[in-house]
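Take a look at the structure below.
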Amino acid sequence: MEYQDHAVAPADAVSCAAQDGECPDANNNEEIMTEALDCPSDPEVAFAEVCSHLSLNRSNTLPMCACMNACRESVSYREVEVALADEPVMNMSTQTPHTLLRILIDAGAIEATPIYEEDVDPEAEDARAYDYELVTSEAGLRALEQYDPCARFAQLIEEEPEGYADAYRIVLDTCREAVGLPAIETALSGHPALHSPKTVFAGYFVSKLETVGGIVWDGAWRTTEEGIRMADSIPVCA
């Protein structure tokens with residue numbers, strides 16, 4: 001069985017608005033489209049809220065970043081959730097794109113503007129939006145900068161023992177072609193980082209790289225565009 005470190009935590013229900021206490025999902029799409037979507041008005045409060053959600057559950061961190069990246073330019077809620085469903089990074093989370101988008105809207109990472117049918121008066125008491133126009137907020141863009149994969153990778157390298165950087169580079173280079181764990185284990189075979197300062201296995205490096213967005217699992221391990229930049233930033237050991 002291939003190694004996949006897709007550990008999950010309970011749903012990030014703190015910011016969900018459903019009255020039953022559960023996160024709204026795609027099955028409740030019509031309900032969400034008729035609800036008011038609000039976010040914090042203070043940019044600093046919103047930024048802190050967004051970062052809190054990104055750090056709360058690491059299985060949601062990269063999928064949430066993908067959601068914010070997908071909304072850098074105005075896009076339909078319905079359209080973007082469909083497009084995101086095909087992104088391999090979304091497999092890291094147990095939540096659907098619809099739910100993650102709603103969490104980010106509530107946190108202030110994404111602004112949502114209701115869209116009404118032409119014959120509907122938005123001021124009417126019974127007016128219902130059939131969709132929302134989404135765009136990443138200033139707080140969301142700041143959060144994306146803070147959670148930039150290459151920046152997180154650089155911090156990871158600083159915290160790791162000497163020699164680990166080369167092991168990460170080998171994994172990133174190996175995954176430029178779609179590979180399974182055995183190929184990664186072979187590439188790392190005999191590398192000093194597996195035995196010093198302590199014994200670790202190839203899966204350790206795979207897990208760390210997936211967490212920072214260097215590689216992604218879509219039936220095989222593949223290096224992401226950010227991962228290529230990570231690999232290129234590490235000199236080859238002689």
Side-chain angles (χ1 to χ4, degrees), residues 2-10 12 44 47-69 88-94 100 104 107 109 139-176 179-181 183-218 221-238:
E2 295 292 351
Y3 176 88
Q4 298 184 65
D5 183 28
H6 293 160
V8 297
D12 187 4
E44 292 303 321
F47 176 65
E49 181 78 2
V50 175
C51 291
S52 173
H53 284 293
L54 289 175
S55 62
L56 178 63
N57 181 347
R58 72 188 184 95
S59 70
N60 285 338
T61 303
L62 290 177
M64 284 184 166
C65 286
C67 290
M68 290 186 287
N69 271 317
V89 70
M90 303 308 295
N91 294 328
M92 296 181 66
S93 176
T94 59
L100 294 177
L104 290 167
L141 294 174
R142 286 178 60 192
L144 281 174
E145 290 182 5
Q146 181 159 318
Y147 281 80
D148 174 73
C150 290
R152 295 178 67 202
F153 179 67
Q155 181 179 358
L156 170 64
I157 294 299
E158 289 183 3
E159 298 171 351
E160 292 283 57
E162 184 178 354
Y164 274 35
D166 186 61
Y168 282 118
R169 179 193 58 76
I170 290 173
V171 175
L172 288 165
D173 283 342
T174 301
C175 294
R176 289 179 190 247
V179 298
L181 183 60
I184 298 173
E185 292 173 330
T186 298
L188 284 175
S189 179
H191 197 286
L194 297 178
H195 308 290
S196 177
K198 62 181 180 180
T199 299
V200 295
F201 299 95
Y204 173 87
F205 299 100
V206 170
S207 174
K208 292 284 189 175
L209 285 171
E210 183 188 26
T211 299
V212 298
I215 60 176
V216 66
W217 174 264
D218 63 354
W221 290 110
R222 300 177 188 271
T223 303
T224 63
E225 292 184 8
E226 292 84 0
I228 292 174
R229 291 198 293 272
M230 294 174 193
D232 292 344
S233 71
I234 304 171
V236 178
C237 291

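All residue numbers refer to positions in the sequence shown, counting from 1.
In this structure, Thr199 contributes its side chain and His195 its backbone to no donor-acceptor pair below 3.5 Å. Side-chain N or O atoms of Arg152 include one that pairs as donor or acceptor with a backbone N or O of Thr211 at under 3.5 Å. Within the 3.5 Å criterion, the main-chain N or O of Ala193 finds no donor-acceptor partner in the side chain of Ser196. No donor-acceptor pair under 3.5 Å is formed between the side chain of Ser207 and the backbone N or O of Gly203.
The structure places CD of Glu185 at 9.5 Å from CG of Leu194, a figure rounded to the nearest 0.5 Å. Between the CD atom of Glu49 and the CG atom of Leu104 there is a distance of 10.5 Å, given to the nearest 0.5 Å. Considering CG of Asp232 and SG of Cys150, their distance stands at 9.5 Å, rounded to 0.5 Å. Note that CD1 of Ile215 and CG of Asp218 are 11.0 Å apart. Values are rounded to the nearest 0.5 Å. Between the CG atom in Leu54 and the CE atom in Met68 there is a gap of 4.5 Å [rounded to 0.5 Å]. A distance of 9.0 Å separates CG in Asp148 from SG in Cys65, rounded to the nearest 0.5 Å.
Of all the heavy atoms in His191 and Ala167, the pair that sits closest is NE2-N, 3.8 Å. Of all heavy-atom pairs spanning Val50 and Ala109, the tightest one is CG2-CB, 3.4 Å. Scanning both residues, Gly213 and Thr224, for their nearest heavy atoms gives O-OG1, 2.6 Å. Closest heavy-atom contact between Gly180 and Trp221: C-CD1, 4.4 Å. Annotation for Ala187 and Thr174: closest pair CB-OG1, 3.3 Å, computed over non-hydrogen atoms. Counting all heavy atoms, side chain and backbone alike, Ser55 lies closest to Ser52 at OG-O, 3.2 Å.
The shortest side-chain heavy-atom distance between Met230 and Glu225 does not fall under the 4.5 Å cut-off. Within the 4.5 Å cutoff, side-chain heavy atoms of Thr61 are placed close to those of Arg58. The shortest side-chain heavy-atom distance between Phe153 and Lys208 does not fall under the 4.5 Å cut-off. In this structure the side chain of Pro197 reaches within 4.5 angstrom of the side chain of Tyr164, judged on heavy atoms. Here the side chains of Glu210 and Val216 are not in contact, with every heavy-atom distance at 4.5 Å or above. Counting only heavy atoms from C-beta outward, the side chains of Leu172 and Ile228 never approach each other to under 4.5 Å. Within the 4.5 Å cutoff, no side-chain heavy atoms of Trp217 are placed close to those of Asn91.
With respect to Asp166 and Arg169, a salt bridge is recorded, a charged nitrogen being found less than 4.0 Å from a carboxylate O. Between Arg142 and Glu44 there is a salt bridge, with a side-chain nitrogen of the basic residue lying less than 4.0 Å from a carboxylate oxygen of the acidic one.
Put simply, the residue from Ile184, Leu188, Ile234 that forms a side chain to side chain contact (heavy atoms under 4.5 Å, CB included) with Ile170 is Leu188.
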* **From CA spacing to verdict: side-chain contact (heavy atoms from CB on, under 4.5 Å), Met90, Cys67** => CA-CA 9 Å; Met90 303 308 295; Cys67 290; 4.2 Å; yes

* To do: Determine, stepwise, if the pair Leu100 / Ser93 fulfils side-chain contact (heavy atoms from CB on, under 4.5 Å).
  => CA-CA 9 Å; Leu100 294 177; Ser93 176; 4.1 Å; yes

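Between Phe205 and Tyr168, the two ring planes are perpendicular [angle over 60°; tilted spans 30° to 60°].
Defined by atom type and a distance below 3.5 Å, a donor-acceptor pair is missing between the side-chain atoms of Arg176 and Thr223.
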